[in-house]
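These values consider heavy atoms only, across backbone and side chains, with no hydrogens, waters or symmetry-generated copies.
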Amino acid sequence: MEVRTALTCVLFSVFLWAGHAQHSVPDSVLNCCEGDVLFLLDSSGSVASYEFFRMVDFLKELLLPFSLGPDQVRVGLLQVGTEPHLEFSFDTYSFQDRLQAALGRTKQLKGDTNTVDALLMARNQILKQGVPGGARPDLPRVLVWLTDGVDPGEVQEPMARLREEGVAVLVVSTGHGNYQVLREAVSPPAEEHLFFVDIDDINIISEDLRNAIIEIIRAERLQVKSVTSTTAQLEWRPVLAGTGYYDIQFGPIRSGQTGGPVGPGTSPGTGLGPFQRITRPGDASSAKLTGLSPDTTYTVTLTPKANLEFLNSLQTTFTTQPVNSPQPEVQTLSTVTVSESNTNSVRVSWGPLLPHLIQGYQLEYSALPTGPLRVVSVSNRQNSTVLTGLHPDTQYLVTVSARQASGRERAMTVKVCTQEVLPALSDLQLTTVGNESVQLRWKGSYDGLRGYWVTWERDQSQHSTLYLPPNRLSTTLNHVPSRARVCVSPVYRTARGEGLCCTA
């Protein structure tokens with residue numbers, strides 16, 4: 001079984017594939033996939049120029065190994081600003097060298113973070129099936145949102161609509177942002193589709209994000225795993241978004257024949273033996289096939305059943321193990337996730353929980369690069385623990401080990417980050433300098449400060465924003481109506497600190 005873990009802050013090491021166009025890339029990626037991927041790139045003023053160019057370089061590296069074209073992967077780029085801007089659509093580039101050059105020419109928009117309008121444009125682009133520039137019907141569609149996490153807006157409803165319409169949503173946040181909002185935005189499982197990472201370390205999630213995309217758009221999407229002499233695990237890419245159900249039919253293939261089960265009372269002339277039928281709900285992505293015969297080849301057909309649309313069936317074959325063949329190893333530790341990160345503690349969780357096989361768990365952790373090693377032991381009935389006494393804004397290397405009763409041990413290592421201390425703004429003064437103009441002054445110079453975020457009301461329904469560098473301790477705002485609320489917040493590497501507000 002391939003193990004893939006999505007983690008807070010940083011993941012496993014990544015290998016970069018160099019080369020021009022679509023050469024010198026792994027066979028596992030080259031020609032692997034068929035689908036449409038739209039990138040939603042935060043290009044607003046809250047993103048520093050350095051961070052924006054790091055994001056663009058990250059996209060270039062992420063996409064380099066894929067084969068592009070009308071029968072393979074197609075890529076679109078939509079920028080988020082005051083007004084969303086479609087940099088290029090799905091059918092613009094079919095060659096890597098041209099895509100790489102286009103990414104290199106991408107310019108930052110600045111302005112407000114109007115993610116909601118950008119999502120409306122993204123939905124229109126993704127759902128324009130069968131027309132130039134639109135997504136292709138009957139193929140996977142993916143939205144990857146790259147954001148700094150600052151003021152994403154009311155994205156819950158448009159994200160939910162995209163997921164309900166079969167679009168897989170993945171998120172990369174270069175700041176801590178609102179974890180709950182971002183977690184609700186992604187398609188399940190969140191631990192594989194939500195990435196938090198510092199902008200300086202963003203390239204180390206390239207492989208994990210690429211693999212997450214591949215799992216969605218891989219051309220072969222019906223897989224059989226953990227085959228024994230009498231059982232098998234069937235896994236597929238969810239396409240029903242929680243509605244409808246999956247119809248699964250499977251049966252043995254007689255020697256020298258091929259085909260799939262067609263229904264009750266299959267005749268001997270079809271080359272198929274008696275088949276079984278099971279169903280799974282629309283939010284399922286796996287099913288266990290039982291009652292199989294040893295050393296027998298089976299065919300299995302999965303048909304998604306939806307009320308409003310017809311979806312293609314998927315089919316594959318597999319062979320069960322002989323009676324005395326070795327059974328597959330149980331994965332006693334397959335996932336490790338990090339949550340509830342703050343300035344001096346994080347929660348580490350793992351799975352699956354198998355107390356009948358595991359004697360206990362041990363966590364070893366130390367601050368990078370050369371911090372002292374600490375060890376925590378946890379009972380075999382716990383699947384999480386909180387690591388305390390950590391330093392703020394620090395990377396830690398954490399190893400979780402599962403000790404089996406047989407004496408064997410399985411371990412997984414991840415990197416996690418604690419949050420930085422975010423000092424609040426200590427003083428704010430507002431002075432009227434003319435008709436509908438005000439001057440703001442404040443005190444700053446905090447450790448780790450990246451800039452200031454200024455917001456003010458234009459009327460009861462509209463707000464304006466301004467991002468200023470850390471050396472600016474004053475600014476003048478024009479066209480500020482009477483009794484408008486004006487706020488200034490310090491911006492740090494990972495999030496915004498508590499600000500102050502005045503009324504004009």
Side-chain angles (χ1 to χ4, degrees), residues 21-22 25 28-41 56 58-80 84-100 102-103 106 115 118-146 158-172 185-188 192-193 206 209-222 236-241 304 306 309-312 314:
Q22 297 177 172
V25 298
S28 60
V29 179
L30 190 64
N31 301 317
C32 73
C33 306
E34 190 177 13
D36 296 323
V37 185
L38 179 64
F39 288 89
L40 191 66
L41 178 62
V56 171
F58 168 72
L59 286 181
K60 294 171 68 175
E61 176 193 326
L62 177 74
L63 294 171
L64 181 61
F66 285 105
S67 298
L68 305 178
D71 296 320
Q72 301 191 72
V73 178
R74 300 195 309 172
V75 176
L77 178 62
L78 177 62
Q79 293 202 70
V80 179
H85 173 69
L86 183 64
E87 193 73 21
F88 51 82
S89 60
F90 290 124
D91 59 358
T92 305
Y93 299 108
S94 296
F95 299 95
Q96 270 291 348
D97 53 353
R98 297 179 183 178
L99 173 64
Q100 295 289 319
L103 290 170
T106 302
T115 309
L119 285 172
L120 294 177
M121 182 180 286
R123 179 175 179 271
N124 180 60
Q125 187 71 18
I126 291 174
L127 298 182
K128 287 195 307 182
Q129 298 184 0
V131 300
R136 294 167 289 183
D138 302 322
L139 286 179
R141 297 160 296 175
V142 183
L143 176 71
V144 182
W145 178 24
L146 284 83
M159 284 295 191
R161 290 184 64 187
L162 285 169
R163 296 195 306 271
E164 291 169 1
E165 290 161 338
V167 179
V169 178
L170 289 73
V171 175
V172 175
V186 301
S187 302
E192 295 182 13
H193 294 160
S206 297
L209 178 58
R210 186 184 300 118
N211 288 338
I213 295 172
I214 289 173
E215 280 301 301
I216 299 170
I217 64 174
R218 189 187 300 275
E220 299 173 358
R221 293 181 289 274
L222 184 63
W236 60 89
R237 181 183 62 84
V239 294
L240 292 179
E309 59 179 326
F310 174 78
L311 298 171
N312 292 334
L314 302 175

Can you see which heavy atom on [X] is nearest to which on [Y], and at what distance?
X: L103; Y: V56; answer: O-CG1, 3.2 Å
X: P84; Y: A118; answer: CB-CA, 3.7 Å
X: R210; Y: L62; answer: NE-O, 3.0 Å
X: V169; Y: R163; answer: CG2-CG, 3.9 Å
X: L38; Y: A122; answer: CD2-CB, 3.6 Å
X: V171; Y: A185; answer: CG2-CB, 4.5 Å

Just so I know, are the side chains of [X] and [Y] near enough to count as touching, which here means a heavy-atom distance under 4.5 Å?
X: F88; Y: V75; value: yes
X: V80; Y: L40; value: yes
X: L143; Y: M159; value: yes
X: L68; Y: L63; value: no
X: S89; Y: Q125; value: yes
X: L77; Y: L59; value: yes
X: E165; Y: R123; value: yes
X: L209; Y: I213; value: yes

**Matching residue for F39 among L146, L170, L78 - test: side chain to side chain contact (heavy atoms under 4.5 Å, CB included)** = L146

Straight-line distance of [X] [atom1] to [Y] [atom2], nearest 0.5 Å:
X: D97; Y: L64; atom1: CG; atom2: CG; value: 10.5 Å
X: I217; Y: Q72; atom1: CD1; atom2: CD; value: 10.5 Å
X: F90; Y: I126; atom1: CZ; atom2: CD1; value: 5.5 Å
X: I216; Y: N211; atom1: CD1; atom2: CG; value: 11.5 Å
X: E61; Y: Q100; atom1: CD; atom2: CD; value: 10.0 Å

**Request:** Kindly determine whether Q79 and T106 satisfy side-chain contact (heavy atoms from CB on, under 4.5 Å), including the steps that lead there.
**Result:** CA-CA 9 Å; Q79 293 202 70; T106 302; 3.4 Å; yes

**Asked** Is the backbone N or O of S67 less than 3.5 Å from a side-chain atom of Q96, with the two atoms forming a donor-acceptor pair by type?
**Response** no

**Asked** So, does E192 use its side chain to make a donor-acceptor pair with the main chain of A212 at under 3.5 Å?
**Response** no

